[in-house]
Amino acid sequence: MSRTEKTFLASKKQVSCRDEKFEIYIDRQAIQTRVQEMGLAISGDYEGRIPILIGVLNGSFVFLSDLMRTITIECEVDFWKLSSYGARKVSSGEVTELKKVDANLAGRDVIVVEDIIDTGLSIEYVVGRIHEYGPDSISVATLLHKEEATESDVSLDYVGFRIPDQFVIGYGLDYGQLGRNLPEIYVRVDK
Ligand code: IMP
Ligand code: MG
């Protein structure tokens, strides 16, 4: 194995992002195992139907691409782009719609795919908007859920990991747009 391959395979215990320190929190193996379980659960639940996965951009695209490849039934994919964070670490609660879904969702089985549910305001907004298109069903799949921070009562059908109210990056999640390319999930180290 070349040196580059070795470097790629080893997890970095600590990384810094925008001058803050983060440490490894959920490693590649744990993510892969859990995502596979979620994909198999979805495949069983939707057997005989063709669900459409709606990825909420930007954060969900890494999770969505892995999740999709563990789903063993036919499915479609489309994206919705929201922005609520800017470069802050705390959710502003204000949701801006930057790109709407192109597919016709009337009569469809929709699975909204999120990277993380924090206050729950973004997912509540998206689910509300999707309802307006008259789908047959809507469910939500999220990789992470900050249970204690969630103010909304939107039901979450597929949850990868329940985590405390701490700031995380990697595997699609960013800090001011950086950190999305980290292959594993890192948590901010308090000073
Ligand atoms: P909510 O509307 O407060 O639930 O925020 C959801 C969105 O905030 C997620 O889709 C992420 O884009 C972002 N977010 C929430 N917590 C974190 C975090 O710990 N790291 C990075 N992004 C986060
Ligand atoms: Mg997001």
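Note: hydrogens, waters and symmetry copies are ignored here, and every other heavy atom, side chains too, is used. Every number for a ligand or one of its atoms is a count from 1 in the order of the listing. Throughout, residue positions are numbered sequentially from 1 according to the sequence presented.
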Item to check | Aromatic plane relationship, W80 with Y133 - under 30° parallel, 30 to 60° tilted, over 60° perpendicular | outcome: perpendicular

Next on the checklist: Parallel, tilted or perpendicular, judged at 30° and 60°: which one describes the rings of Y171 and F63?
Outcome noted: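 Tilted.
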
Can you sort out which atoms of ligand 1 are near [X], meaning under 4.0 Å from one of its heavy atoms?
| X | answer |
| --- | --- |
| L173 | 21 (C), 22 (N) |
| Q166 | 19 (O) |
| E114 | 10 (O) |
| S122 | 1 (P), 2 (O), 5 (O), 6 (C) |

Item to check | T33: partners by side chain to side chain contact (heavy atoms under 4.5 Å, CB included), with sequence neighbours left out | outcome: Q29, E37

Mind checking whether [X] has a heavy atom under 4.0 Å from ligand 1?
| X | answer |
| --- | --- |
| G59 | no |
| D174 | yes |
| E124 | no |

Next on the checklist: If I apply the N/O under 3.5 Å rule, does I169 come out as touching ligand 1?
Outcome noted: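 No; the residue has no nitrogen or oxygen that sits under 3.5 Å from a nitrogen or oxygen of the ligand.
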
Next on the checklist: Under 4.0 Å, heavy-atom basis, I'd like to know which part of D115 is in contact with ligand 1: side chain, backbone, both or neither.
Outcome noted: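 Side chain only.
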
Checklist entry - Does K146 approach ligand 1 within less than 4.0 angstrom via side chain, backbone, both or neither, non-hydrogen atoms only? => result side chain

Checklist entry - What distance separates D66 CG from M38 CE, expressed to the nearest 0.5 Å? => result 11.5 Å

Next on the checklist: Going by salt bridge (Lys or Arg N to Asp or Glu O under 4.0 Å), name the pairs with one or both residues in residues 46-64, residues two or more places apart or in two chains.
Outcome noted: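 Matches after skipping sequence neighbours: R49-D109.
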
Checklist entry - Do side-chain atoms of E114 reach the backbone of T142 as a donor and acceptor pair under 3.5 angstrom? => result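 Checked: no pair found.
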
Item to check | Derivation and outcome, side-chain contact (heavy atoms from CB on, under 4.5 Å), residues E76 and L53 | outcome: CA-CA 6 Å; E76 292 181 28; L53 307 178; over 6 Å; no

